[in-house]
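Worksheet: one structure, shown below.
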Amino acid sequence: MERIDKLLSHEGFGSRKDIRKLLRNTVVLLNDKQIFDCSININPETDILNVDGKIVDLHQNIYLMMNKIKNTVSSNKDGDHQTVFDYLDDNLRTPYFQDKLHLIGRLDIDTEGLLLFTTDGLLTHKLISPKNNISKTYFVVLKEKESDEHKKQIEDAFSKGIHIPSEDNDAEADCKPAKIKWASQNECIENCKNTSWKSDTFAAAAFLSITEGKYHQVKRMFRAIGNEVIYLKRIKEGNLTLDKNLKPGEYKYIDNLPDLLDL
């Protein structure tokens with residue numbers, strides 16, 4: 001059961017204050033009976049809600065976690081490449097989901113790992129809003145080895161907020177402070193399970209946590225300190241960690257994602 005003001009707000013009818021005005025000024029029918037109380041609880045699975053002569057689709061929000069596969073585009077349409085939506089089952093390809101289901105953020109075509117889908121626009125706004133500083137953690141494999149001295153210099157530079165050069169049409173920028181933790185050999189092996197990475201050797205690897213999403217940001221940050229990212233996987237968003245049992249391209253439903261993310 002859900003309060004009617006919460007459901008109508010999620011369906012785009014405005015804030016809960018707006019819903020109170022809506023119930024006063026518009027004909028809202030619940031199972032063919034006009035209602036005025038915004039605190040009424042309704043069952044989205046069985047009740048029929050009609051606002052100003054139009055039935056409101058009361059599908060409850062769904063949340064999906066995918067382990068994004070390499071060489072797929074974070075979009076629902078692309079003329080040249082497979083998209084992450086191509087990996088969803090047919091029951092998620094109905095007109096309702098084509099209109100409502102969307103990605104919370106994106107990953108580059110060659111980046112793997114945690115990708116979230118939802119019909120919950122409010123949650124999406126909270127997660128991608130810069131003011132909320134939601135942390136995103138990546139497992140990064142680098143091309144060149146790093147000395148202990150240079151690792152400390154990188155830690156210091158990232159913690160202060162490193163300046164990154166321009167790339168393509170994206171201007172140079174100052175990044176927000178970020179946290180880096182260097183990965184051990186065992187951590188590398190563990191984080192490369194169920195991925196496209198085939199080697200069991202690593203020149204250098206790390207876990208990088210950032211709170212923003214500039215264009216190619218992780219790659220540009222390491223390029224700014226003289227190294228190159230050769231493999232990248234997102235493993236965590238907020239306090240939600242990628243399910244290590246998901247193979248590339250697989251996904252699963254998540255219950256109560258807003259609660260898990262503590263939003």
Side-chain angles (χ1 to χ4, degrees), residues 65 67-71 74 105-116 127-128 130-168 170-246 248 261-262:
M65 171 192 289
N67 183 1
K68 179 186 174 293
I69 193 169
K70 191 175 181 179
N71 295 327
S74 295
R106 297 171 180 269
L107 290 174
D108 295 339
I109 187 171
D110 58 348
T111 301
E112 300 182 349
L114 178 59
L115 192 61
L116 297 174
L127 273 174
I128 66 176
K131 68 180 182 180
N132 288 330
N133 289 316
I134 303 298
S135 175
K136 295 174 281 288
T137 301
Y138 296 82
F139 172 67
V140 188
V141 179
L142 301 173
K143 183 177 181 179
E144 306 294 341
K145 291 183 179 180
E146 293 287 357
S147 67
D148 290 341
E149 181 181 0
H150 197 217
K151 284 180 179 179
K152 291 179 181 178
Q153 292 173 357
I154 294 170
E155 292 169 12
D156 183 59
F158 284 4
S159 70
K160 293 178 180 177
I162 195 169
H163 183 82
I164 55 176
S166 62
E167 184 173 322
D168 298 334
D170 203 75
E172 60 182 310
D174 292 319
C175 295
K176 291 182 178 180
K179 296 179 181 179
I180 184 171
K181 173 184 174 296
W182 299 98
S184 67
Q185 180 75 5
N186 286 339
E187 288 175 322
C188 291
I189 294 172
E190 181 65 24
N191 279 276
C192 285
K193 292 179 179 177
N194 286 332
T195 70
S196 65
W197 182 263
K198 301 303 180 185
S199 176
D200 60 356
T201 59
F202 306 85
F207 301 102
L208 179 68
S209 296
I210 60 176
T211 57
E212 55 190 340
K214 300 183 189 300
Y215 177 71
H216 289 179
Q217 181 173 340
V218 175
K219 299 171 186 174
R220 291 163 71 187
M221 287 175 69
F222 281 100
R223 193 174 300 130
I225 53 87
N227 213 322
E228 180 183 347
V229 174
I230 57 175
Y231 176 75
L232 186 61
K233 180 178 77 167
R234 185 158 65 196
I235 60 173
K236 193 171 183 180
E237 189 156 355
N239 53 12
L240 182 70
T241 301
L242 176 66
D243 187 335
K244 294 180 180 180
N245 293 318
L246 287 176
L261 292 168
D262 196 24

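Predicted model only: the values in this text are computed from it and were never measured.
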Spatial distance of atom [atom1] ([X]) from atom [atom2] ([Y]) [nearest 0.5 Å]:
X: Arg223; Y: Ile162; atom1: CZ; atom2: CD1; answer: 12.0 Å
X: Asn71; Y: Asp108; atom1: CG; atom2: CG; answer: 12.0 Å
X: Glu237; Y: Leu127; atom1: CD; atom2: CG; answer: 5.5 Å
X: Ile225; Y: His150; atom1: CD1; atom2: NE2; answer: 5.0 Å
X: Cys175; Y: Gln217; atom1: SG; atom2: CD; answer: 4.0 Å
X: Ser166; Y: Arg220; atom1: OG; atom2: CZ; answer: 7.0 Å

Practice problem: Mind checking ring-ring contact (aromatic ring centres under 6.0 Å, His included) for Tyr231 and listing every partner two or more places apart, or none if nothing turns up? | Solution: Trp197

Sub-4.5 Å side-chain heavy-atom contact between [X] and [Y]:
X: Ser74; Y: Leu115; answer: yes
X: Lys219; Y: Glu167; answer: no
X: Phe139; Y: Cys188; answer: yes
X: Pro248; Y: Lys70; answer: no
X: Arg234; Y: Lys68; answer: no
X: Leu116; Y: Leu240; answer: yes
X: Phe222; Y: Leu208; answer: yes
X: Leu114; Y: Met65; answer: yes

Quick check against the 3.5 Å criterion: does [X] have a side-chain atom that pairs as donor or acceptor with the backbone of [Y]?
X: Asn227; Y: Leu142; value: no
X: Glu112; Y: Thr195; value: no
X: Asp243; Y: Asn245; value: yes

Quiz item: Glu155: what forms a salt bridge (Lys or Arg N to Asp or Glu O under 4.0 Å) with it, not counting sequence neighbours?
Solution: none

Can you sort out the partners of [X] under side chain to side chain donor-acceptor pair (under 3.5 Å), two or more places apart, ordered by chain and number?
X: Lys160; answer: Asp156
X: Asp168; answer: Tyr215
X: Thr211; answer: none

Quiz prompt | salt bridge (Lys or Arg N to Asp or Glu O under 4.0 Å) pairs, two or more places apart, involving residues 134-153 | solution = Lys143-Glu228

Exercise. Please step through side chain to side chain contact (heavy atoms under 4.5 Å, CB included) for the pair Ile189 and Phe202, ending with a clear verdict.
Key: CA-CA 9 Å; Ile189 294 172; Phe202 306 85; 4.3 Å; yes

Self-check item: Residues, nucleotides or ligands: over 12 heavy atoms within 6.0 Å of Lys181 NZ
Solution: yes

